[in-house]
**Q** 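Here it is: the structure, laid out below.
So you know, we letter chains A, B, ... as the sequences are listed, proteins then strands, and number each from 1. This structure is a prediction, so every number in the text was calculated from the model and none was measured.
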Amino acid sequence: MHSAMLPRKSANRTNWNLAKATPMNLFRHFEALVLAAIDHLKNDGVLPAETPVEKVTVEPPRDPTHGDIATNAAMVLAKPAKKPPREIASLIAAQLKKAHDIKTVEIAGPGFINMVLADSFWPQVIHAIHREGDDFGRPQIGQGQPVNVEYVSANPTGPMHVGHCRGAVFGDALANLLEFAGYEVTREYYINDAGAQVDVLARSAYLRYREAMGQEIGEIPSGLYPGDYLKPVGEALKAKYGDVLLDMTEQEWLPRVRDFAIDAMMTTIKGDLAALNIRHDVFFSERSLTAGGVDQVAQTIDELRAKHLIYEGRLPPPKGKRPDDWEDRKQTLFRAEEFGDDSDRALIKSDGSYTYFAADMAYHRDKIRRGFKEMIDVWGADHGGYIKRMKAAVAALSGRKANLDVKICQLVNLLRDGEPVKMSKRAGSFVTLRDVVDEVGADATRFMMLFRKNDAPLDFDLVKVVEQSRDNPVFYVQYAHARAHSVFRKVRDDHPELADIEQDFSDADLSRLNDAAELGLIKSLAAYPRLMESAAKSHEPHRIAFYLHDLASTFHGLWNRGIDLPHLRFNQPEDKELTKARLALVAATAKVLASGLKVLGVTAVRELR
RNA sequence: GGUCCCGUAGCUCAGCUGGAUAGAGCAGCGGACUUCUAAUCCGCAGGUCGCAGGUUCGAAUCCUGCCGGGAUCGCCA
């Protein structure tokens, strides 16, 4: 465990055939039509041949009364063409009217071109969902590129608490998302096993060892970890060493106890992560950077020195309040300012050991040397001030070739029915991640942790998150999926041959789906590929959670219409073809819900309770 | 004092990296529903997007400066 392992080669990962029909991203399709229309105008000399089209967007308008697809092309092109936007709009519109997937083209406002798609277009979305299966909505942006996602990286000094939980879930969902988007993802955990904290851990564990040996230890001295979780470690030390450690000097026992305790803590942490269905490909030990006669930190500093990015100098004291033990001294500094940081950064402490930053640089150098050009680090909010220097380090070490994105997860406020849960580190009464998962389950924990933007604080209510009500988004989304399956269970009585949700719907007559609410649901489903692409590009898995909530709401709404209007119910005992068409829609909804939930790492249950 | 994040309806928050009249859910008000397929449903009201400038056809979104809240600030990790 204390040595770096190579990233696992993903032998049985599906190889996506990129040459096959592109997934059903209808906005791409219509973007192509708009660009073709612009090309046409260029050929006619209406637009200069070199007119840039990067700013042209083809998107669903926010307001559905503006149609299904809108483009700003005319307004963007007005300046280079030296023509009023509405004039250009009418020329582009004339071209678009020729496309048979488009029902109407209208020019609105300052020059928007709004399109309503042909009724015959929408059923293709449903067919695409069934045809493409797990590939539906897959963004084609990864193209097999390697990306390294580092998350959790909790210190191996105790069990994980709720604060770690959010970053863990976020990182895991982000890794899932990037994998879904076609990246070759390596999930990584950096073990901070080299600093003073692990020596404290060792002394704390040694105390528990003496306790296990029958000695009176009294109060745990301040400065050591008081938690009961070290008692089993003391017992285990006794089992392994007997009384041998008692006669050793601290210098002798400390390395043994330290390694033993770190192993024990990592075992605990891995168990905690497993309870949340989180796994890592690589556990990278900080200690390994300077072990085995090779000092990779020194190598890193030498490498930067050769690039003239290291110097001996003094730093100005921080403005505002000055630390008590401030001492002006000459030290080894990295020219982080050249790469956008606010200050140059120290690499060697006054006692001669490396700073945490120096080791972290060496770690990221190792990632770069392993071939990663894209790296993502997921950190807690208290590390925000560290971002610039780490990005500077990656820029310097890679010759500005590699990119690091740092995602910050804000604090979690743990509540119980609206009341804050008291947590005191001193009293050792902090709530562990395991406590939370044991109480509410991994699915609820994961979904709630993702139901908020990562850089906004999050309220996590242990009571509300398990409520079976509309107010609980976890339940609401899972219920939608379960309800879709329930429809198939119920339809068995009237149409047993239609009761399989996995059946082939390719011959369903989807032109029967002409209620506005049905069409609304299809449009929600059609938005999925675009949503996933934006979530993957922005590294924001929370967008998926919000989308799923929205989709669930649309689906429940359609279901509810059947209460008052029996002719809108999915199951029509007297009309098998209509039932089949509606079941195709229900099954497609279930598939998209399941697809999104899978990326979030939440189980798509088929039945509640 | 420097840096970063946040500021959107009474509350909790979205807002698709610059689009049109800024959206949900709670809470509030007004109705419907009494078992229909499974954990109610529909409607109404609610806003100077912290403030002030700037960039442009167009800004909640980008830039600058303030105001307010949080995090952090050579050797902790």
**Q** Would you mind telling me which of B/rG74, B/rC75, B/rU12 lies closest to the side-chain atoms of A/S350?
**A**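 The nucleotide sitting nearest to the side chain is B/rC75.
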**Q** Counting only side-chain N and O atoms of A/R452, is one of them less than 4.0 Å from OP1 or OP2 of B/rC13?
**A**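 Indeed, a polar side-chain atom of A/R452 lies that close.
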**Q** State whether A/K537 places a side-chain N or O below 4.0 Å from either non-bridging phosphate oxygen (OP1 or OP2) of B/rU17.
**A**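 For B/rU17, OP1/OP2 do not have a side-chain N/O of A/K537 under 4.0 Å.
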**Q** What's the gap between B/rU61 and B/rG65 when it is taken at their P atoms, as a whole Å value?
**A**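 Looking at atom P only, B/rU61 and B/rG65 are 16 Å apart.
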**Q** Assign B/rU8 to syn or anti; the rule is syn for a glycosidic angle within 90° of 0 and anti otherwise.
**A**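 Base orientation relative to the sugar is anti.
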**Q** Can you tell me how the ring of A/H383 sits relative to the ring of A/Y386, calling it parallel under 30°, perpendicular over 60° and tilted otherwise?
**A**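 Aromatic pair A/H383/A/Y386 classed perpendicular.
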**Q** Taking N and O atoms by type only, does the side chain of A/H549 place a donor or acceptor under 3.5 Å from a partner on the base of B/rA24?
**A**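 Checked by distance alone, the answer is no.
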**Q** So, do A/F546 and B/rA14 meet the stacking rule of ring centres under 5.5 Å and planes under 30°?
**A**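 Aromatic stack with B/rA14 absent for A/F546.
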**Q** Pairs counted as Watson-Crick or G-U wobble with both distances under 3.5 Å: what dot-bracket string results for RNA chain B, using | for bases tied to another strand?
**A** (((((((..((((.....[...)))).(((((.......))))).....(((((..]....))))))))))))....
**Q** Please determine if a side-chain N or O atom of A/H556 lies less than 4.0 Å away from the OP1 or OP2 oxygen of B/rC42.
**A**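 No, no such contact exists.
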**Q** Taking atom C1' in both B/rG2 and B/rU17, what distance in whole Å separates the two?
**A**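 Comparing C1' positions in B/rG2 and B/rU17 gives a spacing of 28 Å.
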**Q** Taking any heavy-atom pair under 4.0 Å as a contact, classify A/Q197: base, sugar-phosphate, or nothing.
**A**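 Result for A/Q197 = sugar-phosphate.
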**Q** Take A/R582 and A/E518 through the salt bridge (charged side-chain N to carboxylate O under 4.0 Å, His left out) test and state the conclusion after the steps.
**A** CA-CA 8 Å; A/R582 288 182 177 164; A/E518 290 171 336; 2.8 Å; yes
**Q** Quick check on B/rG15: is either OP1 or OP2 less than 4.0 Å from any side-chain nitrogen or oxygen of A/K453?
**A**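 Yes, A/K453 has a side-chain N/O under 4.0 Å of OP1/OP2 on B/rG15.
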**Q** Between A/Q410 and A/R606, name the one whose nearest nucleotide on RNA chain B is closer to the 5' end.
**A**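 Checking each residue's closest nucleotide, the 5'-ward one belongs to A/Q410.
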**Q** A/R345 has an atom CZ; how far is it from atom P of B/rG2, in whole Å?
**A**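 Answer to the nearest Å: 16 Å.
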**Q** Rounded off to whole Å, could you give me the CD-to-C1' distance for the A/E540 and B/rU61 pair?
**A**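 A/E540 atom CD is separated from B/rU61 atom C1' by 13 Å.
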**Q** Looking only at side-chain N and O atoms, does A/Q197 offer a donor or acceptor that is under 3.5 Å from a partner on A/N155?
**A**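 A/Q197 and A/N155 do have a side-chain donor-acceptor pair below 3.5 Å.
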**Q** May I ask you to evaluate whether A/R389 reaches the phosphate of B/rG74, defined as a side-chain N or O under 4.0 Å from OP1 or OP2?
**A**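 For A/R389, the contact criterion (side-chain N or O under 4.0 Å from OP1 or OP2 of B/rG74) is not met.
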**Q** Using the C1' atom on both, measure B/rU8 against B/rG68 and round to a whole Å.
**A**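 Approximately 15 Å lies between the C1' atom of B/rU8 and that of B/rG68.
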**Q** Say we look at B/rA52 and B/rA14: how far apart would their P atoms be, to the nearest angstrom?
**A**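 Pairwise P distance, B/rA52 against B/rA14, rounds to 24 Å.
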**Q** Look at A/K388 and B/rC4 and indicate whether a side-chain polar atom (N or O) is within less than 4.0 Å of OP1 or OP2.
**A**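 The answer is yes; a side-chain N or O of A/K388 sits under 4.0 Å from OP1 or OP2.
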**Q** Can you check whether A/K55 has a side-chain N or O nearer than 4.0 Å to OP1 or OP2 of B/rC57?
**A**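 Checking B/rC57 against A/K55, no side-chain N or O comes under 4.0 Å of OP1 or OP2.
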**Q** Test for a donor-acceptor pair under 3.5 Å between the base of B/rA77 and the side chain of A/D360, counting only N and O atoms.
**A**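 There is none.
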**Q** Under 3.5 Å, is there a donor-acceptor pair linking the side chains of A/H539 and A/D405?
**A**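 Looking only at side-chain atoms, A/D405 and A/H539 do form a donor-acceptor pair, the distance falling under 3.5 Å.
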**Q** Roughly how far apart, to the nearest Å, are B/rC5 and B/rA9 at atom C1'?
**A**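 Straight-line distance between the two C1' atoms is 23 Å.
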**Q** Closest approach to the side chain of A/R62, judged atom by atom: which nucleotide of B/rU37, B/rA20, B/rA77 is it?
**A**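 Nearest listed nucleotide: B/rA20.
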**Q** State which of B/rG74, B/rU37, B/rC41 makes the closest approach to the side chain of A/W326.
**A**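 It is B/rG74.
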